[in-house]
Amino acid sequence: MKKIVKFSMLLCLIFYGCKKDPVPAEDIQKEMLAAVNALRTTGCTCGTTNMPPVPAVIWNDKLQVAAAAHAKDMVVNNYFDHIAPDGSSPIQRAQEAGYTGMYIGENIGSGYNNIQQVIDAWKKSEDHCKAMMDSLYIELGAARYNTVWVQDFGK
């Protein structure tokens with residue numbers, strides 16, 4: 001009987017340990033916002049372009065909803081692109097989520113397990129880095145689904 005209980009506990013630990021729980025939105029909000037704003041307020045080099053410090057962005061829940069929907073859609077429908085198979089663009093997805101801003105920028109990343117990994121990858125990509133440093137953007141929403149990440153910037 002003791003062996004059965006131990007085996008059952010081991011299985012429970014194995015299955016619980018292997019379960020891929022989504023990162024809570026509050027954690028992504030706090031950590032992603034801090035990482036992006038640390039970069040924005042200190043400035044950086046994107047490729048060969050020196051990017052001076054720019055004002056911090058604020059969190060926008062509607063952009064987060066758009067980012068979450070796009071991350072999940074890419075995983076579920078097995079694609080990786082800013083334009084969804086249905087033809088929708090970042091601005092269309094943001095508007096569908098209720099965002100009323102006029103400008104949208106989007107970073108996507110895949111295969112990263114945590115915020116620091118994806119931020120580091122985006123910093124190494126000139127276009128992604130410049131999106132994070134663009135002073136035009138004043139708001140951010142971001143999400144993760146499995147190992148697919150989306151940042152949506154807006155104004």
Problem - hydrophobic_cluster_shared for W122 and I104, side chain cutoff 4.5 Å - result: no
Practice task
Provide the full list of salt bridge (Lys or Arg N to Asp or Glu O under 4.0 Å) pairs with a residue in residues 85-100, sequence neighbours left out, each pair given once.
Solution key: R93-E106
Exercise for the section: Apply side-chain hydrogen bond (donor to acceptor under 3.5 Å, both in side chains) to D127 and list each qualifying residue two or more places apart in sequence or on a separate chain. Expected result: none
Practice task
Output every pair passing disulfide bond (SG atoms under 2.5 Å apart) with a member in residues 48-120, not counting sequence neighbours, ordered by first then second residue.
Solution key: none
Exercise for the section: Starting at NZ of K123, measure out to OG1 of T45 and round the result to the nearest 0.5 Å. Expected result: 10.5 Å
Practice task
To the nearest 0.5 Å, tell me how far I83 CD1 sits from H70 NE2.
Solution key: 8.0 Å
Problem - Point-to-point distance, once rounded to the nearest 0.5 Å, from CD1 of I108 to CG of D152 - result: 10.0 Å
Exercise for the section: If a pair satisfies disulfide bond (SG atoms under 2.5 Å apart) and one of its residues is in residues 126-155, list it, with sequence neighbours excluded. Expected result: C46-C129
Exercise for the section: Examine distances only and state if a side-chain atom of N37 and a backbone atom of A56 form a donor-acceptor pair shorter than 3.5 Å. Expected result: no
Practice task
Look up atom OH in Y112 and atom CD in Q117, then write down how far apart they are to the nearest 0.5 Å.
Solution key: 8.5 Å
Practice task
Using a 4.5 Å cut-off on heavy atoms from C-beta on, say whether the side chain of M74 contacts that of V150.
Solution key: yes
Report, one line per pair, each donor and acceptor closer than 3.5 Å where one atom sits in a side chain of residues 132-142; sequence neighbours left out.
residue	atom	partner	partner atom	Å
D134	OD1	L136	N	2.8
Y137	OH	G105	N	3.4
E139	OE1	Y99	OH	2.5
E139	OE2	N60	ND2	3.2

Problem - Donor-acceptor pair, side chain of R144 and main chain of W149, under 3.5 angstrom - result: no
Exercise for the section: Any disulfide bond (SG atoms under 2.5 Å apart) involving residues 89-128? Give me the pairs, sequence neighbours left out, ordered by first then second residue. Expected result: none
Exercise for the section: Would you indicate whether K130, at its atom NZ, is surrounded by more than 12 heavy atoms from other residues, nucleotides or ligands within a distance under 6.0 Å? Expected result: yes
Problem - N78 atom CG, over 12 foreign heavy atoms within 6.0 Å - result: no
Practice task
Could you tell me whether F80 atom CZ has more than 12 heavy atoms of other residues or ligands within 6.0 Å of it?
Solution key: yes
Exercise for the section: Supply the atom-to-atom distance N114 CG to D27 CG, rounded to the nearest 0.5 angstrom. Expected result: 12.5 Å
Exercise for the section: Indicate whether any N or O donor in one side chain lies under 3.5 Å from an N or O acceptor in the other, for Y79 and D73. Expected result: yes
Exercise for the section: Measure across H128 and S125 and return the closest heavy-atom pair with its distance rounded to 0.1 Å. Expected result: ND1-OG, 2.6 Å
Problem - Pairwise distance CD(E31) to CD1(I119) - rounded to 0.5 angstrom - result: 10.5 Å
Problem - Cluster overlap Y103 with F153, hydrophobic side-chain contacts below 4.5 Å - result: yes
Practice task
Indicate yes or no: at least one non-hydrogen side-chain atom of V148 is less than 4.5 angstrom from one of S110.
Solution key: yes
Exercise for the section: Look at the side-chain heavy atoms of Ile, Leu, Val, Met, Phe, Trp and Tyr, link any pair under 4.5 Å apart, and say whether V57 and I28 land in one connected group. Expected result: yes
Problem - Path from M32 to L63 over hydrophobic side-chain contacts below 4.5 Å - result: no
